[in-house]
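One-based numbering along the sequence shown.
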Amino acid sequence: MIHRDYVAIDLEMTGLNASRDSILEIGAVRVVNKKVEASYQAMIHPHMELSQEVIELTGITNEMAAKGRELEEVFPEIMDFCGDFLLLGHNVVFDYGFLKQAASNRKVRFERLGLDTLKIARKVLAPEEKKTLQALCDRYQIRREHRHRALDDALAASALYEVLEAEYEQGQPEVFLPFPLLYKAKKQSPATSRQKKHLQELADYHSLALAVPWETLTKNEASRQIDRIIAQYGRMPKQQDKSGVQEQARY
């Protein structure tokens, strides 16, 4: 049996699209010689109201998210934590896509080999068996303190991998070979000076404290911030729309 060292990783997000949605929480465990050597967890400020679906799924409230750190601060930390290790997760490509997009936005190279407990389970278990992380944790009596929280899910994926490897690797070693993680990050244009000015003026008008990464803010992120503030607090008395035409206040 080959003993592989890896980082098991799990992310919670504000949505399912890596080019449009944001990372909300990161959890990771570094496994060396089949033992957890270190763990990492960070909540990230999403700068938006969370959907009720995300709140119900993760248990993360808007109050909790508002206390999160900036991705600019967290990103280099998780890159250092992952190092050159294999990345492991349950449907790991999904989580990798968000990290890859964040790396691409910052012009950072991020290529990794991966191990996927979902792919492994689909190969070694009967087709009729459910392959969700929860179903497999129930099957193998892997305890999760909090479902759909990043660190708990990363720990569960690691424990699941160790169980599957012990039971099936000798008979089906090819199933446990690492593979290149592939995600084509979409090029995102930086926010324009006009967008940044508009966002700041809108925040000032509503007396809102903004903690946004101005240097790496993209057009999509700026638009989301502007739309969020308008939806929650309303427009300014005179508001320029996206085409640059002034719009009178609506009373």
Euclidean distance, [Y] [atom2] relative to [X] [atom1], rounded to 0.5 Å:
X: Ile9; Y: Asp153; atom1: CD1; atom2: CG; answer: 12.0 Å
X: Leu57; Y: Gln52; atom1: CG; atom2: CD; answer: 11.5 Å
X: Glu12; Y: Ile44; atom1: CD; atom2: CD1; answer: 11.0 Å
X: Asn105; Y: Glu72; atom1: CG; atom2: CD; answer: 9.0 Å
X: Leu151; Y: Arg144; atom1: CG; atom2: CZ; answer: 12.0 Å

Does atom [atom1] of [X] have more than 12 heavy-atom neighbours from other groups under 6.0 Å away?
X: Glu53; atom1: CD; result: no
X: His146; atom1: NE2; result: no
X: Arg147; atom1: CZ; result: no

Kindly indicate whether a cation-pi arrangement holds for Arg30 with Phe81, taking the cut-offs as under 6.0 Å to the six-membered ring centre and within 45° of the axis. yes
Output yes when a side-chain donor or acceptor of [X] lies under 3.5 Å from a complementary backbone atom of [Y], and no otherwise.
X: Asp116; Y: His90; value: no
X: Lys131; Y: Glu129; value: yes
X: Asp95; Y: Leu11; value: yes
X: Asn33; Y: Lys35; value: no
X: Glu25; Y: Ala150; value: yes
X: His148; Y: Glu56; value: no
X: Ser104; Y: Lys100; value: no
X: Ser22; Y: Thr14; value: no

Could you tell me which residues satisfy side chain to side chain donor-acceptor pair (under 3.5 Å) with Thr61, sequence neighbours excluded, listed by chain and number? Glu63
Contacts of Arg112 meeting side chain to side chain donor-acceptor pair (under 3.5 Å) (sequence neighbours excluded), chain-then-number -> none
Is there a path from Val92 to Val175 through hydrophobic residues (I, L, V, M, F, W, Y) whose side chains come within less than 4.5 Å of each other? no
Count I, L, V, M, F, W, Y as connected when their side-chain heavy atoms are under 4.5 Å apart, and connections chain through other members. Are Leu133 and Tyr140 then in the same cluster? yes
Running the 4.5 Å side-chain criterion over Ile, Leu, Val, Met, Phe, Trp and Tyr, what cluster does Leu50 land in, apart from itself? Leu24, Met43, Val54, Ile55, Ile60, Met64
Under a 3.5 Å threshold, yes or no: a donor from one side chain and an acceptor from the other, between Gln225 and His198? no
All heavy atoms of Leu71 vs all of Ala102, minimum pair found to be CD2-CB, 4.4 Å
Indicate the atoms forming the closest heavy-atom contact of Val7 with Ala28, along with that distance. CG1-CB, 3.9 Å
Out of Phe176, Phe85, Tyr161, which one pairs with Tyr6 under the ring pair (Phe, Tyr, Trp, His ring centres under 6.0 Å) rule? Tyr161
May I ask you to say whether Arg143 pairs ionically with Glu145, meaning some side-chain N is under 4.0 Å from a carboxylate O? yes
Go through the structure and list residues passing salt bridge (charged side-chain N to carboxylate O under 4.0 Å, His left out) with Lys119, not counting sequence neighbours. none
Sort and list the pairs that fulfil ring pair (Phe, Tyr, Trp, His ring centres under 6.0 Å) and have at least one residue in residues 95-134, not counting sequence neighbours. Phe94-Phe98, Tyr96-Phe110
Sole residue of Asp84, Ile78, Leu86 in side chain to side chain contact (heavy atoms under 4.5 Å, CB included) with Cys82: Ile78
Dump the intermediate steps for side-chain hydrogen bond (donor to acceptor under 3.5 Å, both in side chains) on His47 and Glu70, then the final yes or no. CA-CA 9 Å; His47 296 288; Glu70 295 299 322; 2.9 Å; yes
Partner set under ring-ring contact (aromatic ring centres under 6.0 Å, His included) for Tyr205, not counting sequence neighbours: none
